[in-house]
Every structure is written in C-alpha cells, then in structure tokens.
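Working notes, structure below.
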Amino acid sequence: MYAVGSAAQYNDKGTVHIALGATIGAYATEYDQTINVLGFPLRTTNSGGAATLTVPIEFHYGLARIFSLGIYAEPGRYVDSVASRRNAISMLGLQPRFYLVNMDRFAWMAGLQLGVTRLQIDDEETPGSPKSMYRGGHFGLNTGVGFLFTDAFGLQLQLRYLANTLPLREYELYGQNVALDLVDAELRANGIGIQASLNLCF
C-alpha cells in the first residue's frame with residue numbers, strides 16, 4: 001500500500017496479510033504425573049523430546065506502519081521420543097507483530113504468539129491402545145523476514161520459540177474413557193521452530 005509523500009511499505013495501516021506455510025519444530029518435553037493411592041500422592045517425572053510438523057495459516061491486519069494484529073490456526077503432527085504413535089496437534093491464537101524494518105518489498109518482523117494447544121496421543125502399540133488428550137495454553141516469541149516478489153505476493157521466513165503447558169484432560173483405554181479423579185498429569189513442551197510461508201498482501 002502507499003501513503004502520501006512516502007515510499008511503499010511492506011506493512012501499512014490497512015494492509016491485509018494472508019499466509020500459508022509449513023513449520024518444523026523440535027522440543028524438549030517434561031511429563032509430570034501424580035497418582036493418589038489411598039490418600040498418598042505418588043509423583044513421577046519423565047523428560048524427553050518431540051518434533052512437530054505443522055501447517056500455519058495466518059491472517060494479519062495492519063493497524064499502523066510498525067504494527068499488525070493477527071490470528072492463526074496451525075494443525076499438524078507431533079512425534080515424541082517413542083516415535084511409534086499416531087499423534088495430532090493443533091494450535092489457535094493471537095499474534096501481535098512489530099515491523100522493525102519496514103521497506104518496499106522487505107520487512108524484518110518480531111512478534112508474540114498467545115493461544116491454546118490441543119494434543120492427542122494415540123499409543124496403538126501399547127496393550128489397550130491408550131489415547132491421551134491434552135489441552136492448554138502456549139506462549140511464543142518469533143522473528144523473521146518477509147520478501148515481496150510482486151506488489152502482492154511474497155515469502156516469509158521465521159524463527160520462533162514456543163512454550164506449551166498441557167494438562168491431561170481425557171484418557172481412554174480399550175476404547176473406554178477413564179476417570180481422572182485420582183490422576184493429575186501435565187506435559188510441558190518448550191522448543192524452537194523454523195517456518196516458511198507464502199504471503200499475500202493487499
């Protein structure tokens with residue numbers, strides 16, 4: 001878009017950005033579980049790692065030259081250290097973004113990600129085929145660059161840090177829901193991701 005008396009900007013007030021891409025992530029994980037047995041809590045903690053492959057879909061609207069506010073949805077796959085489970089992850093949230101360098105067809109950006117995460121782990125190789133459902137929040141920081149090849153089409157490359165805190169919400173064994181009255185479990189996954197997206201702006 002153009003402003004009177006100035007050069008074109010990658011982002012400006014009223015600019016709409018729509019992006020579709022792919023993100024590869026690597027995470028350090030920590031799983032805390034407490035089981036109450038006859039009134040006595042038994043706690044275990046396990047550490048591990050995980051990888052994700054997700055498809056971020058983003059919509060941003062420029063509120064000023066240096067700032068846009070966006071929403072995103074990000075479905076994908078989650079592979080933990082066992083690497084034999086069929087898992088699904090999805091994220092949804094708000095993304096404030098600042099344009100530290102805002103030039104004609106180029107920008108250096110930095111932003112936040114504030115939202116919710118849903119993770120389903122299907123352990124089909126374990127007897128009973130347990131299925132776990134986690135839901136919680138995430139917080140992220142990201143920075144990257146954007147290039148426009150034409151006035152309306154370009155590429156964004158981003159690096160991000162994301163922290164997830166995911167309590168266990170549902171557990172299924174042999175196809176039946178298991179009550180979690182005596183179980184308290186939480187999965188924490190903190191890591192980095194590399195994202196590449198095609199971007200339309202108008």
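The structure places CZ of Arg169 at 13.5 Å from OG of Ser132, a figure rounded to the nearest 0.5 Å. Atom CG of Asn164 is separated from atom OG1 of Thr117 by 4.0 Å, given to the nearest 0.5 angstrom. In this structure, the separation between CG on Leu148 and CD on Gln9 is 11.5 Å, given to the nearest 0.5 Å. Summarising the geometry, atom CD belonging to Gln195 is positioned 10.5 Å from atom CG belonging to Leu159; distances are rounded to the nearest 0.5 Å. Interatomic distance, CD1 of Ile121 versus NZ of Lys131, reported as 12.5 Å (0.5 Å rounding). A distance of 11.0 Å separates CG of Asp184 from CG of Leu182, quoted to the nearest 0.5 Å.
The aromatic rings of His60 and His17 stand perpendicular to each other, their planes meeting at an angle above 60°, with 30° marking the opposite boundary.
Counting heavy-atom neighbours within 6.0 Å of Leu112 CG, excluding the residue itself, gives a total above 12. Within a 6.0 Å sphere centred on CZ of Phe40, heavy atoms belonging to other residues, nucleotides or ligands number 12 at most. More than 12 non-hydrogen atoms from other residues, nucleotides or ligands lie less than 6.0 angstrom from CG of Leu173. The number of heavy-atom neighbours closer than 6.0 Å to CD1 of Ile194, taken from other residues, nucleotides and ligands shown, is 12 or below. Other residues, nucleotides and ligands contribute more than 12 heavy atoms inside 6.0 Å of the CG atom of Leu63.
Using modelled atom types, one side-chain atom of Thr143 and one backbone atom of Met109 make a donor-acceptor pair closer than 3.5 Å. Side chain of Asn102 to main chain of Arg65: a donor-acceptor pair is present (N/O by atom type, distance under 3.5 Å, no hydrogens or angles).
In this structure, the side chains of Asn11 and Arg97 stay at 4.5 Å or more apart for every pair of heavy atoms. Taking the side chain as every heavy atom from C-beta outward, Thr29 and Leu187 approach each other to under 4.5 Å. Inter-residue side-chain proximity for Thr45 and Tyr31 is flagged as unmet; no heavy-atom pair is nearer than 4.5 Å. Inter-residue side-chain proximity for Asn142 and Gln95 is flagged as met; some heavy-atom pair is nearer than 4.5 Å. When side chains are defined from C-beta on, Ser68 does not count as touching Thr15, because their heavy atoms never get closer than 4.5 Å. Contact annotation: the side chain of Gln158 never approaches that of Thr23 to less than 4.5 Å [non-hydrogen atoms, C-beta and beyond]. For the pair Asn87/Val79, no side-chain contact is recorded, criterion being any heavy-atom separation below 4.5 Å from C-beta on. Within the 4.5 Å cutoff, no side-chain heavy atoms of Asp151 are placed close to those of Phe202.
His138 and Gln113 are not linked by any side-chain donor-acceptor pair at a separation below 3.5 angstrom, with hydrogens and angles left out of the test.
Hydrophobic cluster membership differs between Leu20 and Met91, with clusters built from Ile, Leu, Val, Met, Phe, Trp and Tyr side chains linked at under 4.5 angstrom. Under the 4.5 Å side-chain heavy-atom criterion for Ile, Leu, Val, Met, Phe, Trp and Tyr, Leu162 and Val116 are members of distinct hydrophobic clusters. Follow the hydrophobic side-chain contacts under 4.5 Å out from Tyr134 and you reach Ile89 in the same cluster. Tyr27 and Ile24 are not part of a single hydrophobic cluster, where members link through side-chain heavy atoms under 4.5 Å apart. Hydrophobic clustering keeps Phe98 apart from Leu114 (ILVMFWY residues linked when any side-chain heavy atoms are closer than 4.5 Å, directly or through intermediates).
The heavy-atom pair separating Ser197 from Pro56 by the smallest distance is OG-CG, 4.4 Å. Smallest separation of non-hydrogen atoms from Trp108 and Gly144: CD1-O, 3.2 Å. Shown here for Gly14 and Tyr61, the closest heavy-atom pair between the two residues is CA-OH, 3.5 Å. Counting all heavy atoms, side chain and backbone alike, Pro130 lies closest to Tyr171 at CB-OH, 3.2 Å. Closest approach of Phe67 to Pro96, counting heavy atoms only: CE1-CB, 3.8 Å.
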*Start with the C-alpha gap between Leu200 and Phe153, add the side-chain angles, then the distance that decides, and say whether side chain to side chain contact (heavy atoms under 4.5 Å, CB included) holds.*
CA-CA 5 Å; Leu200 292 175; Phe153 176 74; 3.8 Å; yes

_Intermediate values then yes/no, side chain to side chain contact (heavy atoms under 4.5 Å, CB included), Leu155 and Leu198_ = CA-CA 5 Å; Leu155 176 69; Leu198 298 176; 4.3 Å; yes

_Trace of the side chain to side chain contact (heavy atoms under 4.5 Å, CB included) decision for Phe59 with Val16_ = CA-CA 7 Å; Phe59 175 89; Val16 174; 3.6 Å; yes

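Residues satisfying the salt bridge (charged side-chain N to carboxylate O under 4.0 Å, His left out) criterion with Arg118, sequence neighbours excluded, are absent altogether.
Salt bridge status for Glu170 with Arg135: present, with a side-chain N to carboxylate O gap under 4.0 Å.
Among Phe147, Tyr10, Phe149, the single residue meeting the ring-ring contact (aromatic ring centres under 6.0 Å, His included) criterion with Phe106 is Phe147.
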